Amino acid sequence: MKPALPKGMRDFGPEIMLKRNYIIETIKRVFENFGYQPLQTPAMEKLTTLTGKYGEEGDKLLFKVLNQGQKVLKADHKAFEEKNAVRFANSLAERGLRYDLTIPFARFVVMNQSQITFPFKRYQVQAVWRGDRPQKGRYREFYQCDADVVGSNSLLNEAELTQIFDMVYNGLGLNVTIKINNRKILAGMAEVVNCADQLTSITIAIDKLDKIGLDGVVKELGERGIPEAAIETIKTFLTAQGDNAGMMALLKEKLANSEIGMKGVEELETLMNYLNTLDLKQTIELDITLARGLDYYTGTIFEVKANDFQIGSISAGGRYDDLTGTFGLKGVSGVGISFGLDRIYDVMEGLGLFQSLAINTTKVLFINFGGDNQAYAFQQLQTLRKAGIAAEIYPDAAKMKKQMKYANAKKIPWVIFTGDAEIESGNLKIKNMETGEQEEMSIEAMLSKLSG
RNA sequence: GUGACCAUAGCUCAGUUGGUUAGAGCACUGGAUUGUGGUUCCAGGGGUCGGGGGUUCGAAUCCCCUUGGUCACCCCA
């Protein structure tokens, strides 16, 4: 049988894992610096928890887990005969793999509300699964690194999350643009053009502005049944130019008749004022065409794009006023962000940013000469490890050439020989694999040399 | 879910208008070198040419189906 992976699943070898871990560690360090605490939730959730939270498209992409044993016989045969794939599939499964980390987090908060001190700040680094067709920058299994805070309406949270974006990407050496918008502004715009009930259609269309252009958006709005007059007004929003302050003034003027719209402008302005007091290195861009697909966002929305590499967004997030509401806990607002580990990796690999990364691996290899020599080397090895030096011994008394090749392939910088001559002298012979130089010294001298 | 392109050794690929026994580089194993790798030289193992069917005297090559991959759309980290 030929080994293979299911579609969209990937292995990560040691080389890749070292780089991935580096990214994760950078992100975690910043999260913890801001007082976020770790959480893990299971890969599998009940479908009732997951469905209906991500919009129609999201439900389609949920990976479902087949019911166990006899239960599958209770499937909806009628749905099968009617070729209703969705209903039939739902009758076969009661559980699914998590689609993101936010909904499981909301579930956790509701289930543990009595234990939790609010505002509750948690971070979570785990895989999520989507039954999408894999392509560039898109995987069926990928890691999200989330930080969320629930139980606080303060826009200070948004400001801090923006700062987290900034610090993480500074730390990784990436240039990004952090795009910010507010769903209330989009709602206000829909209200002003008398299409409040078609908010979703409007946001989906204008979200594509940078992809299909103004004409494309106008066309799509028309196809989605937005009246001509409304489209004309929407056009004036989309063509508005100016710096962040100018845009703000313009929005105030245009949205004056919409209560929710003005609320959105006010929130955005407050956030921008907070951000102005911070020393942010990355580009902050107010982008009123930013919409975000996920249904649950209600306030601020974020999206981060890499400046020097073509790929989808590498981070995203936003505020959700009623995420825990569907689980029975009302009036708890939350806001969170998510780093797309796999895409960040793709960007950094694409830009060659891992080159300078000092990869932490074995520092010393003991050559195995077998017999008494092996026992001696094994002993010396313990001393190095105790001193915190990453060391290993070749487990077999293989040919010298093979052992040297191993050190070479694994980029181990030092090799130690403990042959008969060395055992007799009580010293060890150490070889620098880069320069080829070798010298004999005592174990003590070696310790200070290697830990330096 | 819609569409386009691709599939040859473990990996990256070559293979002429259809023509004899399908090749190269890298990797692996052995040797030149019994205690010295990363350079060199020699030898070796490894293929149902993704799978099935068809056209043909003859198919890796042409046609159909199927599976898998890549990319774009939808949507998204």
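Below, chains carry the letters A, B, ... as their sequence lines are ordered, and counting in each starts from 1. Since this is a predicted model, take the numbers as computed values, not measurements. Any value given below was found using the heavy atoms of this structure, including those in side chains, with hydrogens, waters and symmetry copies removed.
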A.B. asks: Say we look at B:rA7 and B:rC13: how far apart would their P atoms be, to the nearest angstrom?
C.D. replies: 10 Å
A.B. asks: Distance check, P atoms only: B:rC28 and B:rC64, in whole angstrom units.
C.D. replies: 42 Å
A.B. asks: Report the distance from atom NZ of A:Lys410 to atom C1' of B:rA27, rounded to the nearest whole Å.
C.D. replies: 18 Å
A.B. asks: Going 5' to 3' along nucleotides 28-36 of chain B, which nucleotides have protein heavy atoms under 4.0 Å from the base (write B), which only from the sugar-phosphate (write S), and which from neither (write -)?
C.D. replies: -S-SB--BB
A.B. asks: Would you say that more than 12 heavy atoms from the other residues, nucleotides or ligands in this model lie under 6.0 Å from the CZ of A:Phe12, or not?
C.D. replies: yes
A.B. asks: Sort and list the pairs that fulfil salt bridge (charged side-chain N to carboxylate O under 4.0 Å, His left out) and have at least one residue in residues 305-317 of chain A, not counting sequence neighbours.
C.D. replies: none
A.B. asks: Taking the P atom of each, how far is B:rU70 from B:rU8, in whole Å?
C.D. replies: 14 Å
A.B. asks: Measure from OH on A:Tyr139 to P on B:rC75 and round the result to the nearest Å.
C.D. replies: 21 Å
A.B. asks: Of A:Pro6 and A:Ser338, whose nearest nucleotide on RNA chain B comes first from the 5' end?
C.D. replies: A:Pro6
A.B. asks: Is it true that atom CE of A:Met441 has more than 12 heavy atoms of other residues, nucleotides or ligands lying nearer than 6.0 Å?
C.D. replies: yes
A.B. asks: Side chains of A:Asn157 and A:Ser152: do they bring a donor and an acceptor to under 3.5 Å?
C.D. replies: yes
A.B. asks: Taking the P atom of each, how far is B:rG3 from B:rC76, in whole Å?
C.D. replies: 22 Å
A.B. asks: For B:rU21 versus B:rC62, give the span between their C1' atoms, rounded off to a whole number of Å.
C.D. replies: 24 Å
A.B. asks: Which is it for A:Phe108 and A:Phe327 under the ring pair (Phe, Tyr, Trp, His ring centres under 6.0 Å) test, yes or no, and what are the steps along the way?
C.D. replies: CA-CA 10 Å; A:Phe108 174 88; A:Phe327 299 124; over 10 Å; no
A.B. asks: Just jot down the ring pair (Phe, Tyr, Trp, His ring centres under 6.0 Å) partners of A:Tyr36, sequence neighbours excluded, or say none.
C.D. replies: none
A.B. asks: Picking from A:Arg107, A:Lys53, A:Lys64, what satisfies salt bridge (Lys or Arg N to Asp or Glu O under 4.0 Å) with A:Glu45?
C.D. replies: A:Arg107
A.B. asks: Where along residues 25-33 of chain A does a heavy atom come under 4.0 Å from RNA chain B, residue by residue in number order?
C.D. replies: none
A.B. asks: Are A:Ile344 and A:Tyr169 close enough that some pair of their side-chain heavy atoms sits under 4.5 Å apart?
C.D. replies: yes
A.B. asks: For RNA chain B, what dot-bracket results from Watson-Crick or G-U pairs at under 3.5 Å, with [ ] for crossers and | for inter-strand partners?
C.D. replies: (((((((..((((.....[...)))).(((((.......))))).....(((((..]....))))))))))))....
A.B. asks: Please collect all salt bridge (charged side-chain N to carboxylate O under 4.0 Å, His left out) contacts where either partner lies in residues 140-159 of chain A, sequence neighbours excluded, each pair once.
C.D. replies: A:Arg122-A:Asp148, A:Glu158-A:Arg319
A.B. asks: Going by ring pair (Phe, Tyr, Trp, His ring centres under 6.0 Å), name the residues that satisfy it together with A:Tyr376, two or more places apart in sequence or in a different chain.
C.D. replies: none
A.B. asks: Could you give the CG-to-C1' distance, from A:Asn408 to B:rG38, as a whole number of Å?
C.D. replies: 4 Å
A.B. asks: Whole Å only: how far is the CG atom of A:Leu62 from the C1' atom of B:rC75?
C.D. replies: 13 Å
A.B. asks: For residues 340-354 of chain A, which residue pairs qualify under salt bridge (charged side-chain N to carboxylate O under 4.0 Å, His left out), counting only residues two or more places apart or in two chains?
C.D. replies: A:Arg10-A:Asp342, A:Lys19-A:Glu349, A:Arg20-A:Asp342
A.B. asks: Taking only residues two or more places apart in sequence, or in another chain, which ones meet A:Tyr345 in a ring pair (Phe, Tyr, Trp, His ring centres under 6.0 Å)?
C.D. replies: A:Phe354
A.B. asks: In whole Å, I'd like the distance from the CD atom of A:Glu437 to the C1' atom of B:rG37.
C.D. replies: 16 Å
A.B. asks: When the C1' atoms of B:rA4 and B:rC42 are compared, how many Å lie between them, rounded to an integer?
C.D. replies: 48 Å
A.B. asks: Mind jotting down which residue pairs meet the salt bridge (charged side-chain N to carboxylate O under 4.0 Å, His left out) criterion with at least one end in residues 396-414 of chain A? Sequence neighbours excluded, please.
C.D. replies: A:Glu392-A:Lys410
A.B. asks: Work out how far the C1' atom of B:rG51 is from that of B:rG69, and round it to whole angstrom.
C.D. replies: 15 Å
A.B. asks: Using the side-chain contact (heavy atoms from CB on, under 4.5 Å) rule, pick out the option among A:Asp100, A:Leu39, A:Val110, A:Leu323 that qualifies with A:Phe105.
C.D. replies: A:Leu39
A.B. asks: Looking for any heavy atom pair under 4.0 Å, which part of the strands does A:Phe339 touch: base, sugar-phosphate only, or nothing?
C.D. replies: nothing
A.B. asks: Using atom C1' in both nucleotides, what's the gap between B:rA22 and B:rG58 to the nearest angstrom?
C.D. replies: 16 Å
A.B. asks: Nearest whole angstrom, please: distance from the C1' of B:rG37 to the CG of A:Leu365.
C.D. replies: 11 Å
A.B. asks: Using atom names, set out every protein N or O paired with an N or O of nucleotides 72-74 of chain B below 3.5 Å, distance rounded to 0.1 Å.
C.D. replies:
residue : atom : partner  : partner atom : Å
B:rA72  : OP2  : A:Gln135 : OE1          : 2.9
B:rC74  : N4   : A:Arg138 : NH1          : 2.3

A.B. asks: Who are the salt bridge (charged side-chain N to carboxylate O under 4.0 Å, His left out) partners of A:Asp166, not counting sequence neighbours?
C.D. replies: none
A.B. asks: Would you classify A:Gly137 as touching base, sugar-phosphate or nothing, given that sugar-phosphate means primed atoms plus P, OP1 and OP2, and contacts are heavy atoms under 4.0 Å?
C.D. replies: base
A.B. asks: What is the distance, to the nearest angstrom, from the CZ atom on A:Arg10 to the C1' atom on B:rU70?
C.D. replies: 14 Å
